Amino acid sequence: MSDPRPDLAPEPGLSRDDMEALQSEIADAAVFADDFSFDVDAVTSSRRDDRQSTQTTLSESSTPATSSDDDQTLENPPIVAGVDQSFLGDDRALSAVVAMQAGEVIERVHAVTPLEIPYVPGLLAFREGGPILAALEELSIDPDLLLFDGSGRIHFRQAGIATHIGVVRDVPSVGVAKSLLCGEPIADTEGLAAGERVPIEADSSVDASAGTLLGYAVQTRQYDSPDRHINPLYVSPGHRVGPETAAALVQALASTYKLPEPVRLADSYAEEAKGLVD
DNA sequence: GCGACAG
DNA sequence: ATCTTGTCGC
């Protein structure tokens with residue numbers, strides 16, 4: 001059981017070398033394996049009333065679901081929050097957080113802060129970490145899991161934005177990127193079928209032994225026609241979540257769209273919230 | 001020197 | 001990320 005590490009928060013004023021050194025500390029403090037208490041199977045993108053009772057089949061052939069654990073899961077499903085940013089003008093960032101529970105939005109918050117530094121591949125957390133931490137402070141509920149629009153362990157120093165914020169807040173987190181920052185898929189990722197995934201391993205650009213499993217290319221949706229295809233999502237552990245679970249969670253949270261619902265809604269809310277600023 | 005690079 | 005026209009498909 002670790003603790004929050006506000007001392008490791010991303011400071012935009014650091015030199016590049018210091019930023020990279022801090023990321024190495026983050027990677028050392030991160031846990032890239034399952035270490036949480038919520039029930040992964042209770043995480044869904046659809047509302048309980050709307051989804052098929054596939055559970056019925058299971059309980060009929062076994063013991064009726066009467067354990068206190070099941071009751072607790074049914075009455076108090078995990079809270080998953082999606083985080084995403086949008087930009088105002090070119091000197092302020094708006095970070096939006098959408099918290100969901102059992103497929104329902106239970107809270108939406110946002111924060112606006114000035115941008116301190118430009119975007120540099122590998123140092124995203126130092127540009128957007130401030131706004132994100134500010135937005136998370138506005139949250140009245142505390143999430144069981146954070147989903148970020150960006151990498152987690154799939155990062156040069158194994159400390160992408162999902163890992164950085166996850167460690168600072170000590171909350172289980174997962175990175176969901178729309179393109180690959182580094183690492184190497186072990187197989188072709190073109191035209192995968194929905195539900196398929198391909199391991200992403202560390203290459204020479206990553207500060208990890210070659211071959212280390214960094215995450216997965218996850219195909220949440222795919223077209224039927226072979227003409228055109230949808231690119232996969234690049235999912236990696238942020239903190240306290242292993243690679244397989246990270247992929248499974250994203251798969252479970254994706255419904256009609258490619259992006260998992262909490263991130264998709266945070267994305268649109270980040271845009272919508274621009275309207276109530278200034 | 002060149003390439004490659006989340007959002 | 002943001003700026004934008006055009007195009008494919010249900």
Side-chain angles (χ1 to χ4, degrees), chain A residues 10 12 16 19-20 23 26-27 30 82-97 110-133 135 146-166 173-185 189 191 200-208 214-218 221-239 243 246 250 256-260 263-264 266-275 277:
Chain A
R16 178 164 186 146
M19 289 181 180
E20 297 186 348
Q23 291 184 323
I26 289 292
V83 185
D84 191 27
Q85 287 69 242
S86 64
F87 302 89
L88 293 72
D90 197 41
D91 58 344
R92 287 187 301 169
L94 187 160
S95 185
V97 179
H110 65 93
V112 177
T113 72
L115 284 169
E116 310 285 0
I117 58 175
Y119 165 70
V120 176
L123 300 178
L124 183 64
F126 293 89
R127 172 175 164 85
E128 304 184 355
I132 290 173
L133 289 169
L146 259 26
L147 249 49
F148 291 87
D149 59 309
S151 288
R153 194 181 188 181
I154 295 179
H155 179 275
F156 307 123
R157 288 163 294 282
Q158 304 184 78
I161 195 161
T163 301
H164 204 135
I165 304 300
S173 63
V174 169
V176 181
K178 295 181 290 299
S179 59
L180 192 59
L181 173 63
C182 60
E184 185 70 26
T189 59
I200 305 295
E201 297 185 338
D203 57 21
S204 60
S205 75
V206 180
D207 187 12
L214 300 178
Y216 287 95
V218 177
R221 306 287 302 173
Q222 189 52 280
Y223 292 135
D224 294 320
S225 57
D227 304 323
R228 201 164 43 147
H229 62 77
I230 297 175
N231 293 135
L233 248 23
Y234 297 93
V235 180
S236 57
H239 181 45
V250 167
T256 319
Y257 303 86
K258 168 177 172 175
L259 286 172
V263 174
R264 188 181 73 80
D267 186 281
S268 55
Y269 183 55
E271 194 58 39
E272 177 188 336
K274 282 181 176 179
V277 176

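Note: hydrogens, waters and symmetry copies are ignored here, and every other heavy atom, side chains too, is used. Chain identifiers are assigned alphabetically (A, B, ...) following the order of the sequence lines, protein sequences preceding nucleic acid strands; residue numbering begins at 1 within each chain. If you're wondering where the values come from, they're calculated on a predicted model, not measured in any experiment.
Between A:Ser86 and A:Leu94, the closest side-chain pair of non-hydrogen atoms falls below 4.5 Å. The shortest side-chain heavy-atom distance between A:Val174 and A:Pro260 does not fall under the 4.5 Å cut-off.
Between the side chain of A:Ser236 and the backbone N or O of A:Leu214, no donor-acceptor pair lies under 3.5 Å. In this structure, the side chain of A:Gln23 does not engage the main chain of A:Gly160 through any donor-acceptor pair within 3.5 Å.
Judged as a side-chain contact (heavy atoms from CB on, under 4.5 Å), and not counting sequence neighbours, the contacts of A:Pro131 are A:Ala93, A:Ser95, A:Thr113. Scanning for salt bridge (Lys or Arg N to Asp or Glu O under 4.0 Å) contacts around A:Arg92 gives A:Asp278, with sequence neighbours left out. Judged as a salt bridge (Lys or Arg N to Asp or Glu O under 4.0 Å), and not counting sequence neighbours, the contacts of A:Glu271 are A:Lys274. With sequence neighbours left out, A:Phe126 forms a ring pair (Phe, Tyr, Trp, His ring centres under 6.0 Å) with A:His164. With sequence neighbours excluded, the residues forming a side-chain contact (heavy atoms from CB on, under 4.5 Å) with A:Pro185 are A:Leu180, A:Thr189, A:Val198, A:Ile200, listed by chain and number. Residues satisfying the ring pair (Phe, Tyr, Trp, His ring centres under 6.0 Å) test with A:Phe87, not counting sequence neighbours, are none.
The two residues A:Ala273 and A:Val277 have their closest heavy-atom pair at O-CG2, 3.3 Å.
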Margin query: For nucleotides 2-7 of chain B, give me one character per nucleotide, 5' to 3': B if any protein heavy atom sits under 4.0 Å from the base, S if the only such contacts are to the sugar-phosphate, - if neither.
Written below: ---BBB

Next item on the list: Could you provide the dot-bracket string of DNA chain C, using ( ) for intrastrand pairs, [ ] for crossing pairs and | for bases paired to another strand, with Watson-Crick or G-U pairs below 3.5 Å?
Entry: ..........

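Mapping A:Glu271 and A:Ser225 onto DNA chain C by nearest heavy atom places A:Glu271 at the nucleotide closer to the 5' end.
Every pair passing side-chain hydrogen bond (donor to acceptor under 3.5 Å, both in side chains) that includes a residue from residues 117-129 of chain A is listed here, sequence neighbours excluded: A:Gln85-A:Glu128.
Secondary-structure annotation of DNA chain B gives no stems, with a stem taken as at least 3 successive Watson-Crick or G-U pairs whose two distances both fall under 3.5 Å.
Rounded to whole Å, the distance from CD1 on A:Ile230 to P on C:dG9 is 13 Å. One can place NZ of A:Lys274 at 10 Å from P of C:dA1, the figure rounded to the nearest angstrom.
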For residues 148-155 of chain A, dump all side-chain donor-acceptor pairs below 3.5 Å to protein atoms at least two apart in sequence or in another chain.
unit_1, atom_1, unit_2, atom_2, d
A:Ser151, OG, A:Ile154, O, 3.1
A:Arg153, NE, A:Gln158, OE1, 2.7
A:Arg153, NH2, A:Gln158, OE1, 2.9
A:His155, ND1, A:Arg157, N, 2.9
A:His155, ND1, A:Ala159, N, 3.3
A:His155, NE2, A:Gly122, O, 2.7

Please list, pair by pair, any protein nitrogen or oxygen found under 3.5 Å from a nitrogen or oxygen in nucleotides 6-8 of chain C.
none

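A:Ser205 comes within contact range of no nucleotide atom at all, as no heavy-atom separation falls under 4.0 Å.
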